Chemist: 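Can you keep this structure in mind? I'll have questions shortly.
Proteins get letters first, then strands, A, B, ... in listed order; numbering begins at 1 in each. Quantities reported herein were computed from a predicted structural model and do not represent experimental measurements.
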There are 2 protein chains.
Amino acid sequence: MGNESHSRNSSQPTWMGVRDAIHTRILRRDYGPGARLPRDEELAGEFGCARTTVQRAMRDLQDRGLIERRRKGGTWVRHHPLTRATFEIPVIRQEVEEKGCTYGYQLVHQAVAMPPLEVQANFGNWPTEPMLQVQALHLADHRPYMYEDRWLCLQTVPALGTVDLSRQSANEWLVHHQHYDRCDLRLYAHKVTAHEAGLMGVASAEAVLVLERTTWIESRLITSVRTLTRPDYQLLATT
Amino acid sequence: MGNESHSRNSSQPTWMGVRDAIHTRILRRDYGPGARLPRDEELAGEFGCARTTVQRAMRDLQDRGLIERRRKGGTWVRHHPLTRATFEIPVIRQEVEEKGCTYGYQLVHQAVAMPPLEVQANFGNWPTEPMLQVQALHLADHRPYMYEDRWLCLQTVPALGTVDLSRQSANEWLVHHQHYDRCDLRLYAHKVTAHEAGLMGVASAEAVLVLERTTWIESRLITSVRTLTRPDYQLLATT
DNA sequence: TTGACTTTTATGTTCATGCTTAATATTTTA
DNA sequence: TAAAATATTAAGCATGAACATAAAAGTCAA
């Protein structure tokens, strides 16, 4: 079962070896759900390694949602081990080109306006101000691949006022000129409207995955974007 | 901007302090996209800390997808910092009860059969065998909350043959009796069929989020489940 | 030029030790 | 008895030093 595969040799356990050993014990219910694990020091003694090594193993198990650690409290096996899925949200051009397609871009609409309430809902306390709305299509081999409806904060990124968004996507400009340090994400299914269906070239009322992203830099709003994918789009998780 | 908030004091930077300092430099393009960072040792010298501390900071930045590290190669700022979103897939009963609703369960269909090709697609090399199919509804306050279409591997978990799945959901039984060490996940939008719409109590052709999960234990298939959520269901990411 | 070997190098891992800190138990006080 | 002060505990953090390892660069020969 490979629970020894992470040790250099049997007398010198690596942190992965320790992790796997403890993981196995949890799976085998030697340490059952809700149970308290021995102190790091004891385990270190048992495995014949330093406490640092046990700690490294424990951090990994904690990151995977298997255990919970509290100062003084100790270490506990979670009652319901979390299933934590990590998706990588791709940079669109890159994703398209990696599929061997030609990337294209087409501006649909651009205007300064007041964001509607459902968009403002993503902004928390950020004051309501007119923003730059940009609707655009991302193309793969000249066919619609993704539609985005974006609101840009000109207060935070004034430079955007001077960018020609009919030639370059806001997405791309931002990637190159404006980093963020916070990103809120929301994912849901959506029945496309007739207008959206026309733009995307899909049947009306088709179900598509929507990815809503709001990014910030140093607590200042940058942009909020709602992305419609194609009906067959799938997001794969790497656990 | 809080980049000093993680230091105990200015002369003794913690690993979070070092991390934030480097992060800031990346945001400010002192270390631009694709740039190579100084060696850990140099940075340690600069920050006046041990190499271990720099390493801890670096690992965090790496986990966040901001940098890439290679042995011998060194440390590099990623050209396109990854947006890595982490979702927590909830245990259904728990999720329902946390919303203050009563959890309920209702078996819809159960039979041993050959899984169709689109289900087998999730199984990789796993040999094609008859499996136990279970279709069931999860209820919140007696109203449909989630519909699952599940295939269970009786070879890997023979005990399932003796469980009364009209009283207890397979989900719940598995959580309590069968852990997994691998979980493949797939997420997409789906237009509900008339049959599904009837079961879920939603309008026909409504768009819903589908969560497909396949779990394994020690390289042996446990189960593959396709979960339909309600149309208004949203998955929130914690970045 | 190509392929096989060797050296170099920056990250990766482990260790022993000491201190810090948050949470919990215990004791004291009102 | 409850609230406040205090002690204890187990994880968290930092250090310096040593060794491991994979990948890159360099060397050499066919």
Chemist: For DNA chain C, whose closest nucleotide is more 5', that of B:Arg51 or that of A:Thr53?
Modeler: B:Arg51

Chemist: OP1 or OP2 of D:dT9 versus the side-chain N and O atoms of A:Arg71: is any pair under 4.0 Å?
Modeler: no

Chemist: How many Å lie between CH2 on B:Trp76 and C1' on D:dA24, as a whole number?
Modeler: 11 Å

Chemist: Below 30° counts as parallel, above 60° as perpendicular, anything between as tilted: where do the rings of A:Trp126 and A:Trp216 land?
Modeler: perpendicular

Chemist: Quick one: label A:Thr52 by what it contacts on the DNA or RNA (base, sugar-phosphate, nothing), any heavy atom closer than 4.0 Å.
Modeler: base

Chemist: Can you confirm if the aromatic rings of B:Tyr188 and A:Tyr233 lie within a centre distance of less than 6.0 Å?
Modeler: no

Chemist: Provide, to the nearest angstrom, the distance between the CZ atom belonging to A:Arg19 and the C1' atom belonging to C:dT14.
Modeler: 16 Å

Chemist: Without decimals, in angstroms, what is the distance between A:Arg56 CZ and D:dC13 P?
Modeler: 13 Å

Chemist: From the list D:dT8, C:dT20, C:dT13, which nucleotide is the closest neighbour of the side chain of A:Lys72?
Modeler: D:dT8

Chemist: So A:Tyr103 and A:Arg93, side chain to side chain donor-acceptor pair (under 3.5 Å) or not? Walk me through it.
Modeler: CA-CA 6 Å; A:Tyr103 172 78; A:Arg93 173 191 286 273; 5.8 Å; no

Chemist: With a non-hydrogen cut-off below 4.0 angstrom, is B:Arg59 in contact with a base, only sugar-phosphate, or nothing?
Modeler: nothing

Chemist: Between D:dA11 and A:Thr75, is there an OP1 or OP2 to side-chain N/O distance shorter than 4.0 Å?
Modeler: yes

Chemist: Which nucleotide in the set C:dA10, C:dT13, D:dA14 lies at the smallest distance from any side-chain heavy atom of B:Arg36?
Modeler: C:dA10

Chemist: Taking only side-chain nitrogens and oxygens of B:Gln55, does any of them come within less than 4.0 Å of OP1 or OP2 of C:dT11?
Modeler: no

Chemist: Distance from A:Thr227 atom OG1 to A:Leu209 atom CG, nearest 0.5 Å?
Modeler: 10.0 Å

Chemist: Looking at C:dT11, I'd like to know if its phosphate oxygens (OP1 or OP2) sit under 4.0 Å from a side-chain N or O belonging to B:Arg70.
Modeler: no

Chemist: To the nearest Å, give me how far apart CZ (A:Arg39) and P (D:dT9) are.
Modeler: 9 Å

Chemist: Base, sugar-phosphate, or nothing: which does A:Glu41 touch, judged by heavy atoms less than 4.0 Å apart?
Modeler: nothing

Chemist: B:Met16 has an atom CE; how far is it from atom P of D:dG12, in whole Å?
Modeler: 11 Å

